[in-house]
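Here the structure comes first, spelled out in structure tokens, and everything after it is commentary.
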Protein chains: 2
Amino acid sequence: MSEPAGGLNAEQLGTYFALMEVSSLLQYAVDEHLRADGDLSWVQFQILARLANAPEGRLRMTDLADGVVYSRSGLTYQAGLLDKRGLISRSPSPDDERSTMVTVTDAGRDLVAHVLPGHVDRVRQLLFEPMTGTDLAALGEVLGRVRDHMRANPPRSAKPRAGRNRGE
Amino acid sequence: MSEPAGGLNAEQLGTYFALMEVSSLLQYAVDEHLRADGDLSWVQFQILARLANAPEGRLRMTDLADGVVYSRSGLTYQAGLLDKRGLISRSPSPDDERSTMVTVTDAGRDLVAHVLPGHVDRVRQLLFEPMTGTDLAALGEVLGRVRDHMRANPPRSAKPRAGRNRGE
DNA sequence: TATTGTTATACTCTATAACTATA
DNA sequence: TATAGTTATAGAGTATAACAATA
């Protein structure tokens, strides 16, 4: 942790590791709660939460996969599970017959509402408790900027098929 | 993202999601590189890196599992893989016959050294490029504090066996 | 009795590629 | 031909519980 390993100084390296450690610990804690309280994985919760926040509770499969950091087949698998449980429904898009629109059902919204308080509680306790208002503002601003930067240079959303960047 | 969902205001919620999104995107990018360049998963790299940074390149299994966010059986599995590839070696501890000491081999160190430049390069490009020095200092300070806070209130390191918090 | 580590097992998840259908 | 989504398959990873050995 002390030598300038290649291109990052000690401060950068430490920050990088702290970021990964914090998010990892947070995700474990949150995942644990979601499973216990709503039998949901972190990814499933994200899917439902995004849908619940979407204009009419509906999104295209592709947009959903793009939002959540996920492969298409992975999303199909998860959507299948959520569908089976009646938390979402899928139907062909009227505009584009190829597309599938995913919609949160009332049961899905209820489940999110049921799980959210405890979820938010953990996040506050673990992540925000040791932060001041200034910390929060700074953190939010920087992370938002970094996220936009990462989204701009698609790091893994590089389409699995669009045959251009298959390195090998 | 607008209503004060239970206990977090919009700013907190946005920061929370940004944190998870950033770490998720970063991990995918880094993982991709590690696999391509060294046939290592993110967890395996972490194990090797921690060992390479340890006093004599050696740590107890338990300490290693505790450092990496991992279950014991999971670590045994990963250690088995790394052992098979000759990247680490395991031997009973002289002090405590129950313990196993894990040591990085020269091959393990070489692999870390081989992979590190490209690894660090991705991190710099994705995470640090859009940051100023002030951002970095603030981020590092806050995240370090949060990590210590999380480690203090063991969120998932709650020992699997130590029979006290088995809720059911 | 408590702790360290391993193993066996069962399961979840994920990615790849092949496939269908529509644009 | 390109895009949206599904499916089949195969593999990696993870957790649980049972186990053996030492403290």
Side-chain angles (χ1 to χ4, degrees), chain A residues 24 27-28 31-32 34-36 39-47 59-66 68-85 88-102 156-164 166-168, chain B residues 24 27-28 31-32 34-36 39-47 59-66 68-85 88-102 156-164 166-168:
Chain A
S24 179
Q27 184 169 336
Y28 267 107
D31 200 87
E32 191 181 46
L34 288 173
R35 283 181 196 282
D39 194 26
L40 286 174
S41 69
W42 162 245
V43 180
Q44 290 167 350
F45 171 75
Q46 270 198 110
I47 292 172
L59 286 171
R60 293 197 320 154
M61 285 292 280
T62 295
D63 297 331
L64 201 48
D66 207 51
V68 182
V69 183
Y70 232 60
S71 71
R72 295 188 186 206
S73 65
L75 180 59
T76 297
Y77 172 73
Q78 294 295 345
L81 294 179
L82 295 174
D83 201 341
K84 221 171 287 175
R85 290 174 60 183
I88 65 169
S89 67
R90 284 176 288 182
S91 55
S93 166
D95 311 326
D96 188 335
E97 287 290 332
R98 295 172 303 183
S99 297
T100 298
M101 296 299 292
V102 189
R156 72 91 54 168
S157 302
K159 292 294 186 297
R161 293 118 122 198
R164 41 193 171 88
R166 306 310 303 152
E168 53 199 30
Chain B
S24 179
Q27 185 169 338
Y28 267 108
D31 200 87
E32 190 181 45
L34 288 172
R35 283 182 197 282
D39 194 26
L40 286 174
S41 69
W42 162 244
V43 180
Q44 291 167 350
F45 171 74
Q46 271 199 112
I47 292 172
L59 287 170
R60 293 196 320 152
M61 286 291 281
T62 294
D63 298 330
L64 201 48
D66 207 51
V68 182
V69 184
Y70 232 61
S71 71
R72 297 188 184 206
S73 65
L75 180 60
T76 297
Y77 172 74
Q78 294 294 345
L81 295 180
L82 294 175
D83 202 339
K84 221 170 288 174
R85 290 174 62 183
I88 64 169
S89 67
R90 285 176 287 182
S91 55
S93 166
D95 312 326
D96 188 334
E97 287 290 333
R98 295 173 302 182
S99 297
T100 299
M101 296 298 293
V102 190
R156 71 92 55 168
S157 301
K159 292 293 183 298
R161 293 119 121 195
R164 41 195 170 86
R166 308 306 307 150
E168 51 198 38

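For the numbers below, each heavy atom of this structure counts, side chains included, while hydrogens, waters and symmetry mates do not. Residue numbers start from 1 in every chain, and the chains themselves are labelled A, B, ... in the order their sequence lines are given, proteins ahead of strands.
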### Query
Over how many whole Å does the gap from D39(B) atom CG to dA12(D) atom C1' extend?
12 Å
### Task
Flag the pair L75(B) / R72(B) as yes when at least one side-chain heavy-atom distance between them is below 4.5 Å, and no otherwise.
no
### Query
Atom CG of D66(B) and atom P of dT3(C): how far apart are they, to the nearest Å?
14 Å
### Query
How do R35(A) and M61(B) order along DNA chain C: which one's closest nucleotide is nearer the 5' end?
M61(B)
### Task
Kindly write out the residues that satisfy side chain to side chain donor-acceptor pair (under 3.5 Å) with Q46(B), not counting sequence neighbours, or none if the list is empty.
none
### Query
How many Å lie between CD on Q27(A) and C1' on dG13(D), as a whole number?
14 Å
### Query
Rounded to whole angstrom units, what separation is found between the CD atom of E32(A) and the P atom of dT12(C)?
18 Å
### side chain to side chain contact (heavy atoms under 4.5 Å, CB included), paired with I47(B), selected from L64(B), L59(B), V102(B), L40(B)
L64(B)
### Query
Just how far, in rounded Å, is P of dC13(C) from CH2 of W42(A)?
15 Å
### Message
Whether R72(B) contacts dT4(C) is assessed here as follows: a side-chain N or O lying under 4.0 Å from the phosphate OP1 or OP2. Is that the case?
### Response
yes
### Query
Who pairs with D63(B) by side chain to side chain donor-acceptor pair (under 3.5 Å), at least two apart in sequence or on another chain?
R60(B)
### Query
What is the distance from CG of D31(A) to C1' of dG13(D), rounded to the nearest Å?
14 Å
### Task
Could you list by number each residue of residues 73-82 of chain A showing a heavy-atom separation from DNA chain C of less than 4.0 Å, or answer none if no residue does?
S73(A), Y77(A), Q78(A), L81(A)
### Task
Mind checking side-chain contact (heavy atoms from CB on, under 4.5 Å) for R35(B) and listing every partner two or more places apart, or none if nothing turns up?
D31(B), S41(B)
### Message
Rounding to an integer number of Å, can you tell me how far L40(B) CG sits from dA12(D) C1'?
### Response
15 Å
## Note on the structure
Looking only at heavy atoms, the pair that brings A79(A) and M61(A) closest together is CB-CE, 4.2 Å
### Query
With side chains defined as the heavy atoms from C-beta onward, is the minimum distance between D39(A) and R85(A) less than 4.5 Å?
yes
#### Entry: Rounded distance [0.5 Å steps], OH in Y77(A) versus OG in S71(A)
12.0 Å
### Task
Could you tell me which residues satisfy side chain to side chain donor-acceptor pair (under 3.5 Å) with Q27(A), sequence neighbours excluded, listed by chain and number?
none
#### Entry: Rounded distance in Å - NZ (K84(A)) to P (dC13(C))
11 Å
### Nucleic acid contacts - residues 90-102 of chain B versus DNA chain C, non-hydrogen atoms under 4.0 Å
R90(B), R98(B), S99(B), T100(B)
